[in-house]
Amino acid sequence: MTTTLRWGLLGASTIAREWMIDAIRSTGGDVVSVMSSDQDRAAAYAEANRIPHPTTDLDALLGEVDAVYVSTTNELHHDQVLRSARAGKHVLCEKPLALTVGEARDMVDACRAAGVVLGTNHHLRNAGTHRAMREAIAAGRIGRPLFARVFHAVYLPPHLQGWRLTSPGAGAGVVLDITVHDADTLRFVLADDPVEVTALTQSAGLSQGDVEDGAIGAIRFRSGVLAQFHDAFTTAHARTGFEVHGTDGSLIGTDCMTQRAIGDVLLRTASGEELLPIDRSNLYERSVARFTAAVAGDGEPAATGEDGIWSLAVAAAALESARTSRVVAIDPVQSTTKVSQ
Ligand code: NDP
């Protein structure tokens with residue numbers, strides 16, 4: 001099979017414009033069509049991004065592509081992925097995969113039944129910083145991991161201050177936006193699965209209504225590792241980071257919870273400190289390259305559909321914990337909790 005994929009974009013989105021169109025083109029992919037709910041926006045977006053076929057018709061788009069990149073608002077992912085899979089198209093879908101774990105499970109099942117590849121665009125697994133931490137842990141360089149700390153409190157850029165802050169129906173809130181990434185990165189770096197979570201959320205005034213714009217929580221993993229996370233849309237001056245502390249050493253990642261290929265990882269042990277060598281490949285290009293290879297029969301996407309279910313299951317459980325003030329089991333199989341409520 002050729003690795004030159006013809007891609008359709010579902011959603012005239014910011015993330016596609018800022019990162020993914022270039023990433024697709026950098027891997028030799030052709031962006032042939034973009035679908036918007038509005039014909040004028042589709043046309044303007046297509047012209048600005050040199051995409052030949054703007055459309056509002058999903059079936060028309062599906063008729064001319066091999067793969068779709070889904071970056072509409074979150075409540076639309078489920079139906080669009082099911083329709084794409086049934087049309088035999090490979091799917092790279094944004095996180096969160098859906099608004100419930102049950103819907104995300106449908107999406108994975110539909111893609112499996114159709115024999116198409118499903119990837120979740122958890123870009124942070126593709127960061128050289130996180131890959132270096134995963135390798136260092138697997139090589140035993142910090143002994144047995146005991147704790148992890150994720151610092152992912154940022155300021156939501158003004159051009160993104162829309163549905164994320166106002167629209168529960170679209171899957172608004174910092175937990176669905178950012179905690180899902182923390183959960184996926186923790187699973188990836190620790191090579192472990194989470195079992196339960198406790199969380200508190202905050203609405204500090206940037207978001208509206210019941211939508212949370214900050215969250216703090218703790219996750220217990222199967223191995224016993226405890227991980228804390230701090231996520232926000234409201235903090236303009238905090239740095240991001242990702243740390244893992246083990247019996248024989250600590251990994252201190254700084255400025256690494258970001259879209260750009262930046263950040264450093266310090267390994268501190270009894271022998272002293274060293275900065276780990278970091279691959280500076282573009283995160284989104286690596287995501288598309290891994291997806292493209294998977295379509296060609298070579299390996300899996302960097303984050304699979306199952307990985308997307310897991311990260312959503314953590315987010316759903318964190319929101320339930322915040323609502324109920326209880327520790328909530330993380331259940332990637334049975335959970336039907338509607339996370340946007
Ligand atoms: P946007 O708000 O930019 O786009 C989402 C939808 O909003 C678009 O599909 C579009 O609808 C509509 N829209 C966009 N711009 C306008 C406008 N100017 N006027 C009217 N409607 C507009 O969302 P993002 O790109 O930030 O996020 C999209 C998805 O990607 C989400 O699922 C999000 O979670 C995910 N994401 C993932 C990231 C990652 O690094 N993995 C980073 C950022 C987002 P239509 O298509 O109908 O025109």
Side-chain angles (χ1 to χ4, degrees), residues 8-24 31 33-49 51 54-58 61 68-81 91-99 103-104 107 119-127 130 152 154 156-185 188 211 231 233 240 256-261 282-288 290-291 301-303 307-308 311-312 315 339-340:
L9 308 182
L10 307 194
S13 70
T14 307
I15 180 71
R17 177 170 53 77
E18 291 184 345
W19 293 97
M20 290 299 286
I21 293 171
D22 285 347
I24 290 169
V31 183
S33 185
V34 58
M35 189 197 78
S36 166
S37 57
D38 180 275
Q39 185 59 48
D40 290 343
R41 194 161 61 246
Y45 192 95
E47 186 180 353
N49 295 289
I51 301 169
T55 184
T56 56
D57 180 346
L58 180 55
L61 178 145
V68 294
Y69 167 59
V70 181
S71 63
T72 46
T73 47
N74 304 325
E75 83 285 14
L76 301 175
H77 297 176
H78 175 247
D79 181 58
Q80 291 173 341
V81 170
V91 179
L92 181 56
C93 184
E94 271 306 339
K95 43 48 66 170
L97 279 186
L99 298 187
E103 286 175 347
M107 294 153 74
T120 308
N121 202 31
H122 275 306
H123 62 295
L124 290 167
R125 283 177 176 242
N126 294 288
H130 298 127
H152 206 166
V154 297
L156 188 65
H159 71 288
L160 295 182
Q161 292 182 15
W163 58 269
R164 276 181 181 77
L165 300 174
T166 58
S167 178
V174 78
V175 172
L176 278 182
D177 203 51
I178 294 185
T179 310
V180 285
H181 281 311
D182 302 349
D184 184 69
T185 311
F188 175 74
V211 175
D231 303 327
F233 288 150
T240 71
C256 54
M257 302 304 284
T258 173
Q259 298 180 297
R260 291 175 293 141
N282 180 295
L283 284 61
Y284 296 95
E285 289 179 10
R286 191 171 181 280
S287 175
V288 177
R290 286 282 304 266
F291 179 87
D307 293 319
S311 62
L312 179 56
V339 288
S340 63

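Atoms within a ligand are numbered from 1 in the order they appear, just like the ligands themselves. Quick note: numbers below take in every heavy atom, side chains included, and nothing from hydrogens, waters or symmetry partners.
- Of the listed options R164, Q259, E94, R164 places a heavy atom closest to atom 44 (C) of ligand 1.
- For the pair R17 and ligand 1, no heavy-atom separation below 4.0 Å is found.
- By the 3.5 Å distance cut-off applied to N or O atoms, D38 is not counted among the residues near ligand 1.
- Distances from ligand 1 to the non-hydrogen atoms of G162 include no value under 4.0 Å.
- Nearest heavy atoms, V81 versus C93: CG2-SG, 3.9 Å.
- At a 4.0 Å cut-off, not a single heavy atom of E18 sits close enough to ligand 1 to count as contact.
- Considering only non-hydrogen protein atoms, atom 28 (C) of ligand 1 sits nearest to S71 O, 3.1 Å.
- Paired with L76 under the rule side-chain contact (heavy atoms from CB on, under 4.5 Å), one option of D79, N74, T73 passes, and it is T73.
- Here CG of L58 is found 12.5 Å from OG of S37. Values are rounded to the nearest 0.5 Å.
- Here L160 has side-chain heavy atoms under 4.0 Å from ligand 1, and that is the only part of it that gets that close.
- Within ligand 1, counting atoms from 1 as listed, the ones closer than 4.0 Å to a heavy atom of N74 are 31 (C), 32 (O), 34 (O).
- H152 contributes atom NE2, which lies 6.0 Å from atom CG of L124 (distance to the nearest 0.5 angstrom).
- Side-chain contact between F233 and L160: absent, with no pair of heavy atoms (C-beta onward) separated by less than 4.5 Å.
- A side chain to side chain donor-acceptor pair (under 3.5 Å) with K95 is found for exactly one of N121, T120, D177, namely D177.
- Of the candidates H77, R41, H181, the one placing a heavy atom closest to atom 17 (C) of ligand 1 is R41.
- For atom 42 (C) of ligand 1, the closest non-hydrogen atom of the protein is I15 CD1, 3.4 Å.
- Using a 4.0 Å cut-off between heavy atoms, Y284 contacts ligand 1 through its side chain alone, with no backbone atom that close.
- In this pair, H181 and H122 present their aromatic rings perpendicular. The plane angle is above 60°, beyond the 30 to 60° band.
- Distances below 4.0 Å separate heavy atoms of N121 from the following atoms of ligand 1: 41 (N).
- In this structure the side chain of V91 never reaches within 4.5 angstrom of the side chain of M107, judged on heavy atoms.
- Closest to atom 3 (O) of ligand 1, if we only count protein heavy atoms, is T14 OG1, 2.4 Å.
- The part of W163 lying near ligand 1 is the side chain, judged by heavy-atom distances below 4.0 Å.
- Between L61 and L9 the shortest side-chain heavy-atom distance does not fall below 4.5 Å.
- Set against the non-hydrogen atoms of G11, the atoms of ligand 1 under 4.0 Å away are 9 (O), 46 (O).
- The line from CG of L97 to OG of S311 is 6.5 Å long, rounded to the nearest 0.5 Å.
- Neither the backbone nor the side chain of H122 comes within contact range of ligand 1; no heavy atom lies under 4.0 Å.
- Evaluated by nearest non-hydrogen atom to atom 33 (C) of ligand 1, the leading choice among M35, H123, K95 is K95.
- Here OG of S13 is found 7.5 Å from CD of E94. Values are rounded to the nearest 0.5 Å.
- The closest non-hydrogen atom to atom 5 (C) of ligand 1, taken over L9, L124, T73, comes from T73.
- Shown in contact with S13 at under 4.0 Å from a heavy atom are these atoms of ligand 1, numbered in order with element: 3 (O), 4 (O), 25 (O).
- Nearest heavy atoms, N126 versus R286: OD1-NH1, 2.8 Å.
- The closest protein non-hydrogen atom to atom 8 (C) of ligand 1 is A12 O, 3.7 Å.
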